Every structure is written in C-alpha cells, then in structure tokens.
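Keep in mind that this is a model prediction, so the values were computed, not measured. FYI, the numbering just counts along the sequence from 1.
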Amino acid sequence: MSRVKKFTNSLINRKNLKKTNIKISPLAFCDEKTKLDTNVYIDRFCVIHNSRISSYTYLGYGCKLNNVTIGRYCSLASDIKIGLGKHPTNLFSTSPIFYSDKNPFGIKLKRKLNFDDSSLETTIGNDVWIGANVIIMDGVNIGDGAIIGAGSIVTKDIPPYEIHVGAPAKKIKDRFSIEMKEEIINTQWWKLEAEEVMNTDIY
C-alpha cells in the first residue's frame with residue numbers, strides 16, 4: 001500500500017484526495033492523528049505527527065511538525081521544524097534514557113528520573129508566512145498575519161502582524177499600524193473561501 005493510499009484511509013470523512021483538493025507528495029508522511037482541511041498542499045519529505053492543517057495552507061519540502069495547529073492561508077517554506085520536543089536542563093543528565101521509556105535505545109530502566117517530556121501544542125494563526133529553516137519551540141503561539149524570517153529560532157509567542165527574525169527571533173517591525181491591524185483582524189477574512197475574498201474590498 002502506498003503512503004498516499006494509506007494516508008487517504010486515515011482521513012476522517014475523506015473519500016479521496018482529489019475531491020478535497022488535498023495534494024500530498026508520495027514522499028511525505030502524515031500519521032493517523034493528523035487532520036487536513038480542504039485545499040492543502042504538502043511537499044516531499046515532510047513528516048507530520050498529531051497536527052491540524054487548515055485550508056489554503058501549504059508546506060514546502062522537508063518540514064517536520066509535531067502537535068501543531070496551523071490556520072488558513074499560511075505559507076510555510078522548506079525545512080521548517082516545529083515541536084521538536086524538550087530535554088531537562090536541571091537534572092544531572094539531558095539524555096532521555098534516564099526519564100523516558102520512549103528513548104531511541106528502547107531501554108526501560110526500573111527507576112526513572114521525574115521529567116515530563118510530553119510535547120506542548122504549538123499554534124500558528126491564519127495568513128502566517130514562515131521562511132525556510134525556521135525552528136519553532138514547543139508551546140509557542142504565532143499570531144495572525146505574522147512573518148518569521150528565514151533561519152530564525154522562535155522561543156516566544158509572536159503577536160499578530162509582527163515581523164520577527166534572528167536566533168532567538170526578535171521583532172524588527174510591525175507590518176501595519178495598530179489601527180490597520182485591528183481593522184484587518186476584525187474582518188476575519190480568512191474564514192472566507194479564496195474566490196469570496198477576491199469579491200470583497202478587503203484588499
């Protein structure tokens with residue numbers, strides 16, 4: 001069974017990819033917990049676990065996502081990593097062999113250190129543009145209309161319609177004035193289908 005067919009069978013209320021305009025490369029992988037809305041594009045070598053991707057959003061090649069919710073009309077470039085997990089910094093060792101039965105060695109110690117390594121949900125708003133090679137840490141929230149420059153490492157929340165770059169990512173400017181940001185957010189235009197948007201005076 002091909003990966004595409006296997007993926008199709010895992011979708012809830014989805015009978016075929018063409019009908020919903022979901023385009024996923026046969027070289028990409030999405031687990032059964034991942035949910036895709038209509039009009040989604042996933043390029044080759046993407047690996048997606050336990051995530052939700054909304055309509056009119058695309059992922060470039062090589063993206064790795066875990067426990068991520070992504071809004072509508074988002075543009076994700078290549079090799080983006082979101083939700084990579086965490087290690088303890090206050091214990092004598094950072095190795096998962098001492099605190100997790102899911103360590104890569106498959107070794108289960110009788111006595112383990114107390115550390116919760118479960119992933120926190122990361123939320124990406126609507127109409128967000130994320131450049132290539134960006135890393136976003138677990139539990140971060142990215143606001144609607146935000147832009148993250150290529151190569152950035154995001155460790156904190158980013159408010160709507162701000163541009164952040166760097167490692168760690170820092171704000172360089174607002175996309176619009178406060179008044180215009182509020183006006184755009186209040187329209188909630190991303191809830192519309194693409195053709196409907198073009199028939200409004202939003203832009």
**Q** If you look at every heavy atom in Ala132 and Ala77, which pair is closest and at what distance?
**A** N-CB, 3.4 Å
**Q** Around Gln188, counting heavy atoms of other residues, nucleotides and ligands shown, do more than 12 lie under 6.0 Å from its CD?
**A**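 It does: Gln188 CD has more than 12 such atoms within range.
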**Q** Could you tell me if Thr123 and Thr69 have a donor-acceptor pair between their side chains, going purely by distance under 3.5 Å?
**A** no
**Q** To the nearest 0.5 Å, what is the distance between NZ on Lys156 and NZ on Lys170?
**A**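 Lys156 atom NZ to Lys170 atom NZ measures 8.5 Å (nearest 0.5 Å).
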**Q** How far apart are the closest heavy atoms of Ile24 and Cys30, and which atoms are they?
**A**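 Closest pair (atom of Ile24, atom of Cys30, distance): CD1-SG, 3.6 Å.
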**Q** Could you state the interatomic distance from CD1 (Ile130) to OG (Ser75), rounded to the nearest 0.5 Å?
**A**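 Spacing of CD1 (Ile130) from OG (Ser75) equals 9.5 Å.
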**Q** In this structure, are over 12 heavy atoms from other groups packed under 6.0 Å from Lys171 atom NZ?
**A**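 Counting neighbours around NZ of Lys171, more than 12 heavy atoms of other residues, nucleotides or ligands fall under 6.0 Å, so yes.
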**Q** Check Asp37 with Arg72, please: is the shortest side-chain N to carboxylate O separation under 4.0 Å?
**A** no
**Q** To check you understand the geometry: which heavy-atom pair defines the closest contact between Ser93 and Pro88, and what is its length?
**A** O-CG, 3.7 Å
**Q** Looking at CG of Leu76 and CG of Leu59, how far apart are the two atoms once the value is rounded to the nearest 0.5 Å?
**A** 5.0 Å
**Q** So how far is it from Asn21 CG to Thr38 OG1, rounded to the nearest 0.5 Å?
**A** 8.0 Å
**Q** Provide the closest heavy-atom pair for Ser54 versus Ile70 in the form atom of the first, atom of the second, distance.
**A**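 That would be OG-O, 2.9 Å.
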**Q** Any side-chain heavy atom of Asp117 sitting closer than 4.5 Å to one from Tyr99?
**A** yes
**Q** Hey, does the side chain of Glu182 reach the backbone of Glu179 with a donor-acceptor pair shorter than 3.5 angstrom?
**A**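 Looks like no, no N/O pair under 3.5 Å.
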**Q** Counting distance only, does the side-chain N/O of His164 pair as donor-acceptor with the main-chain N or O of Ile148 below 3.5 Å?
**A** no
**Q** Below 6.0 angstrom between ring centroids: does that apply to Phe98 and Phe115?
**A** no
**Q** Students often mix this up, so state it plainly: with edges at 30° and 60°, are the rings of Trp189 and Tyr73 parallel, tilted or perpendicular?
**A** tilted
**Q** Whether Lys181 and Asp174 form a salt bridge (side-chain N of Lys/Arg under 4.0 Å from carboxylate O of Asp/Glu) is what I want to check.
**A**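 Counted as a salt bridge, because a side-chain N and a carboxylate O are separated by less than 4.0 Å.
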**Q** Could you tell me which non-hydrogen atom of Ala146 sits nearest to which non-hydrogen atom of Pro159, and how far apart they are?
**A** CB-O, 4.0 Å
**Q** Would you say Asn186 has more than 12 foreign heavy atoms packed within less than 6.0 Å of its CG?
**A** yes
**Q** Search all heavy atoms of Gly125 against all heavy atoms of Cys74 and return the closest pair with its distance.
**A**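 Of all heavy-atom pairs spanning Gly125 and Cys74, the closest is O-SG, 3.0 Å.
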**Q** About how many Å separate NZ of Lys191 and OG1 of Thr187, when rounded to the nearest 0.5 Å?
**A** 10.0 Å
**Q** With distance as the sole test, does Thr122 use its side chain to make a donor-acceptor pair with the main-chain N or O of Gly139 at under 3.5 Å?
**A**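 Yes.
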**Q** Under the 3.5 angstrom rule, does the side chain of Thr200 hit a backbone N or O of Val197 as a donor-acceptor pair?
**A** yes
**Q** Kindly say whether Gly166 contributes a backbone atom to a donor-acceptor pair with the side chain of Ser152 at under 3.5 angstrom?
**A**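 Between the backbone of Gly166 and the side chain of Ser152 there is a qualifying donor-acceptor contact (under 3.5 Å).
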**Q** Under a single-linkage rule joining Ile, Leu, Val, Met, Phe, Trp and Tyr whose side-chain heavy atoms are separated by less than 4.5 Å, which residues share a cluster with Ile147?
**A**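 ILVMFWY cluster around Ile147 also holds Trp129, Ile163, Val165, Ile172.
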**Q** Ignoring hydrogens and geometry beyond distance, is a side-chain donor-acceptor pair present between Ser100 and Asn103 at under 3.5 Å?
**A**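 No.
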**Q** Where do Phe29 and His49 land on the ring-ring contact (aromatic ring centres under 6.0 Å, His included) test, with the steps shown first?
**A** CA-CA 8 Å; Phe29 172 78; His49 294 277; 5.7 Å; yes
**Q** Can you tell if the side chain of Ile82 reaches within under 4.5 Å of the side chain of Val140, non-hydrogen atoms only?
**A** no
**Q** Test your reading of the model: is there a side-chain donor-acceptor pair from Asp157 to the backbone of Asn141, 3.5 Å cut-off?
**A** yes
**Q** Can you tell me if Asn66 uses its side chain to pair, donor with acceptor, with the backbone of Leu84 under 3.5 Å?
**A** no
**Q** Could you give me the CA-CA distance, side-chain angles and deciding distance for Lys64 and Asp79, then say whether salt bridge (Lys or Arg N to Asp or Glu O under 4.0 Å) is met?
**A** CA-CA 7 Å; Lys64 305 289 189 296; Asp79 294 311; 5.8 Å; no
**Q** Indicate if Ile136 and Tyr58 have the same hydrophobic cluster label, given that clusters are the connected sets of ILVMFWY residues with side-chain heavy-atom separations under 4.5 angstrom.
**A** no
**Q** Is the NZ or CZ atom of Arg175 positioned over Tyr161's six-membered ring, under 6.0 angstrom from the centre and within 45° of the axis?
**A** no
**Q** Report the distance from atom CG of Asp43 to atom OH of Tyr61, rounding to the nearest 0.5 Å.
**A** 8.5 Å
